[in-house]
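Worksheet: one structure, shown below.
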Amino acid sequence: MIDPKLLRQSTTEVAANLARRGYVFDAAAYLALDEKRKTLQVETQRLQSERNASAKSIGMAKAKGEDIGPLLAAVENLGSELAKSEAALQDVQDQLVDIELDLPNLLDASVPDGKDENDNVELRRWGKETEFSFKVRDHIEIGESLGMLDFDAASKISGSRFLVMTGALARLQRALIQFMLDTHTIEHGYTETYVPYLVHGHALVGTGQLPKFEEDLFKTDGETPFYLIPTAEVPVTNLVRDTMLEADQLPQHYTAHTPCFRSEAGSYGRDTRGMVRQHQFEKVELVHFVAADESMEALEALTGHAEAILQKLELPYRVVALCAGDVGFGAAKTYDLEVWLPGQGKYREISSCSNYNDFQARRMKARRRNPDSGKPELIHTLNGSGVAAGRALIAVIENYQNEDGSIRIPSVLQPYMAGAELIAKP
RNA sequence: GGAGAGGUGGCAGAGCGGUUGAAUGCACUGGUCUUGAAAACCAGCAAGGGUUUAUAGCCCUUCGUGGGUUCAAAUCCCACCCUCUCCGCCA
């Protein structure tokens, strides 16, 4: 959520910033509605003040044993008048909140201009695109011919966009997850967390998936519905919901492995083949809670931690700064890590690292006490994939393939594979 | 699933229809004392919003959430959410 004060006082600047995303903010309508709110609020508060004063004097009169009849008569109509005014105010305030929850975050000034992913700016590359002396296969071909990847079985059970893995391939994904968690906790100082995979709606409002993107989520149909988490970002970031942190409690760094569930509504026809886009996938997430003036540095650090995983796996990748039109709803700035997939002959997103500044903190009421002023202020939140395990698995399969269809196991993963160096057909 | 208890300020914890935005303690801030620190003592200290040049005043809201009763609700009633204890069931 954007600071409502900023929205009112610098409406033109806000609208201009949002326009960079291609978002049209009807500033005039918002300001008109806010004017209405002001009028109603002043009137409502006047009536409330009147009610409070009369209730107080009735109380005092009664205490003195005076006749309160005339006083009661004087406030006869106040109640209904106040109720009417309060209802009207509530209605306008609800409308304002609806607008505010719908607004994406303001972009950081350093975000490059652009309309869509074609305008993203490549910042750097690491590693050389893997070369092969034979005709490369994609992960589907390799996995299926090994007999360890079975989309037909998955579709019998759950339909499309699911997969079944068996044997060494299933283990390799587990190895990847273990390796990532160990690296982040031991080398990068993160705290490992285990969190719920089912969450209440308010948690998703806090991180920004709701109310706008409900169609992307899976939801249970009980009386109080649960949502399946689309990313560990949701439960982990909500750890600071409604909290007041002391200055010495920041920064905080958390990592968590969770499955992620996404309806992928609106992506029909995209990545229908293979395991690139699934309803269920595994991911290791990184989350930072920092003081407001430290979030840009934290974004660089967090991105570096995700990069370290790809470097240790010796997977070629590039870092891309998302352009204005491609930065996600709640983010102020985002770097994507794109890994080289020989099977597709292109770089594909494997991690997305974002600074949300106070956007989520405002929705969640996550604050710290400023050590200088002693006053509460919103903290900044960041998150990034460190990295997506399913896609990392694809990258390993395709980059480490041999001509005979076997897969070499990256050296950092071998300890997690009981020392094995190769995955071959059993 | 059954029975019970409870959700109050940064934390702990009183209040249980009227002048209570809320006792007290801790934490925090300032001061006295001290060579300095600690202790002791004194003082201050909720958040959000409106009005405003104002971080000055004044006003409003907030005691889990939403509704209701009342001139007046932290206090009474209803529903929901959450937490804890015991019993049952269960990986």
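Residue numbering restarts at 1 for every chain, and letters A, B, ... go by the order of the sequence lines. These values consider heavy atoms only, across backbone and side chains, with no hydrogens, waters or symmetry-generated copies. None of these values were measured; they are calculated from a predicted model.
Salt-bridge check for A:Glu264 with A:Arg277: passed, with a basic side-chain N closer than 4.0 Å to an acidic carboxylate O. Salt-bridge check for A:Glu81 with A:Lys84: failed, with every basic side-chain N at 4.0 Å or more from each acidic carboxylate O. Salt bridge A:Arg408/A:Glu421: absent, no basic N to carboxylate O contact under 4.0 Å. Salt bridge absent: A:Arg348 and A:Glu398 never bring a charged side-chain N and a carboxylate O closer than 4.0 Å.
Qualifying ring-ring contact (aromatic ring centres under 6.0 Å, His included) partners for A:Phe151, counting only residues two or more places apart in sequence or in other chains: none. A:Pro230 meets the side chain to side chain contact (heavy atoms under 4.5 Å, CB included) test with A:Leu204, A:Gln209, A:Leu217, A:Val234, A:Arg262; sequence neighbours excluded. Under the side chain to side chain donor-acceptor pair (under 3.5 Å) criterion, A:Glu233 pairs with A:Gln360, A:Asn383, not counting sequence neighbours. Looking at residues two or more places apart in sequence or on another chain, you find a ring-ring contact (aromatic ring centres under 6.0 Å, His included) between A:Phe226 and A:His200. The side chain to side chain contact (heavy atoms under 4.5 Å, CB included) check on A:Phe213 picks up A:Asp216, A:Phe329, with sequence neighbours excluded. The ring-ring contact (aromatic ring centres under 6.0 Å, His included) check on A:His305 picks up A:His188, A:Tyr190, with sequence neighbours excluded. Residues that satisfy the ring-ring contact (aromatic ring centres under 6.0 Å, His included) test with A:Tyr30, not counting sequence neighbours, are A:Phe25.
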**Study point:** 5'-to-3' dot-bracket of RNA chain B (Watson-Crick, G-U; under 3.5 angstrom; crossing pairs as [ ]; | other strand)
**Key:** ((((((((.[[[..)..(.....]]].(((((.......))))).((((((.....)))))).[[[[[..)....]]]]])))))))....
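At a threshold of 4.0 angstrom between heavy atoms, the contacts of A:Arg368 with the nucleic acid are absent. Contacts of A:Arg362 with the nucleic acid, taken as non-hydrogen atoms under 4.0 Å apart, are absent. No contact: A:Arg241 has no heavy atom under 4.0 Å from any strand.
For B:G9 and B:G64, the P atoms lie 8 Å apart once the distance is rounded to whole Å. Spacing of P atoms, B:C78 relative to B:C60, comes out at 31 Å, to the nearest Å. Using P as the reference atom, B:A27 and B:A39 are 8 Å apart when rounded to the nearest Å. Atom C1' of B:U65 sits at a distance of 16 Å from the matching atom of B:G6, rounded to the whole Å. Comparing the same atom, C1', in B:C63 and in B:A14 gives a spacing of 12 Å after rounding to whole Å. Separation of the C1' atoms belonging to B:C45 and B:U55 is 15 Å when rounded to the nearest angstrom. If you take atom C1' in B:G66 and the same atom in B:C71, they sit 24 Å apart, rounded to whole Å. B:C28 and B:U61: their C1' atoms are spaced 26 Å apart (whole Å).
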Protein and nucleotides 16-24 of chain B: nitrogen or oxygen contacts under 3.5 angstrom:
| from | atom 1 | to | atom 2 | distance (Å) |
| --- | --- | --- | --- | --- |
| B:G18 | O6 | A:Lys62 | NZ | 2.8 |
| B:G18 | N2 | A:Ala55 | O | 2.8 |

What are the atom names and distances for every N/O pair under 3.5 Å that joins the protein to nucleotides 25-31 of chain B?
none

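For the pair A:Asn370 CG and B:U55 P, the interatomic distance rounds to 17 Å; values are reported in whole Å. Atom-to-atom, NZ of A:Lys5 to C1' of B:A47 comes out at 12 Å; the value is rounded to the nearest Å. Summarising the geometry, the separation between NZ on A:Lys38 and C1' on B:U52 is reported as 11 Å, rounded to the nearest angstrom. The interatomic distance linking A:Glu100 (CD) with B:G48 (C1') rounds to 14 Å, in whole Å. One atom, NZ of A:Lys36, and another, C1' of B:G50, lie 19 Å apart when rounded to the nearest Å. The CG-C1' distance, from A:Leu96 to B:G50, rounds to 14 Å in whole Å. Computed from coordinates, the A:Met244 CE to B:A47 C1' distance equals 7 Å when rounded to whole Å. Note: CD (A:Gln93) to P (B:C60) measures 16 Å, nearest angstrom.
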Which donor-acceptor pairs under 3.5 Å do side chains of residues 54-62 of chain A form with protein atoms, sequence neighbours excluded?
| from | atom 1 | to | atom 2 | distance (Å) |
| --- | --- | --- | --- | --- |
| A:Ser54 | OG | A:Glu50 | O | 3.2 |
| A:Ser54 | OG | A:Arg51 | O | 3.0 |
| A:Ser57 | OG | A:Ala53 | O | 3.3 |
| A:Ser57 | OG | A:Ser54 | O | 2.9 |

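For the segment residues 39-52 of chain A, the set of residues with a heavy atom within less than 4.0 Å of an atom of RNA chain B comprises A:Gln41, A:Val42, A:Gln45, A:Gln48, A:Ser49, A:Arg51, A:Asn52, in numerical order.
The one candidate from A:Val111, A:Asp116, A:Asp119 that meets the side-chain contact (heavy atoms from CB on, under 4.5 Å) condition with A:Cys323 is A:Asp119.
For A:His202 and A:Gly79, each mapped to the nucleotide of RNA chain B holding its nearest heavy atom, the one lying further toward the 5' end belongs to A:Gly79. Of the two residues near RNA chain B, A:Glu86 and A:Leu72, the one whose nearest nucleotide lies more 5' is A:Glu86.
Residues A:Tyr356 and A:Thr237 form no side-chain contact, since every pair of their non-hydrogen atoms from C-beta on lies 4.5 Å or further apart. Between A:Leu198 and A:Leu228, some side-chain heavy-atom pair lies under the 4.5 Å cut-off.
Taking 4.0 angstrom as the limit, A:His200 places a side-chain polar atom (N or O) nearer than this to OP1 or OP2 of B:C82. Distances shown here put every side-chain N or O of A:Arg37 at or beyond 4.0 Å from the OP1 or OP2 atom of B:U51.
The side chain of A:Lys375 has B:A47 as its nearest neighbour among B:G10, B:G50, B:A47.
Environment of NZ in A:Lys36: sparse, with no more than 12 heavy atoms of neighbouring residues, nucleotides or ligands closer than 6.0 Å.
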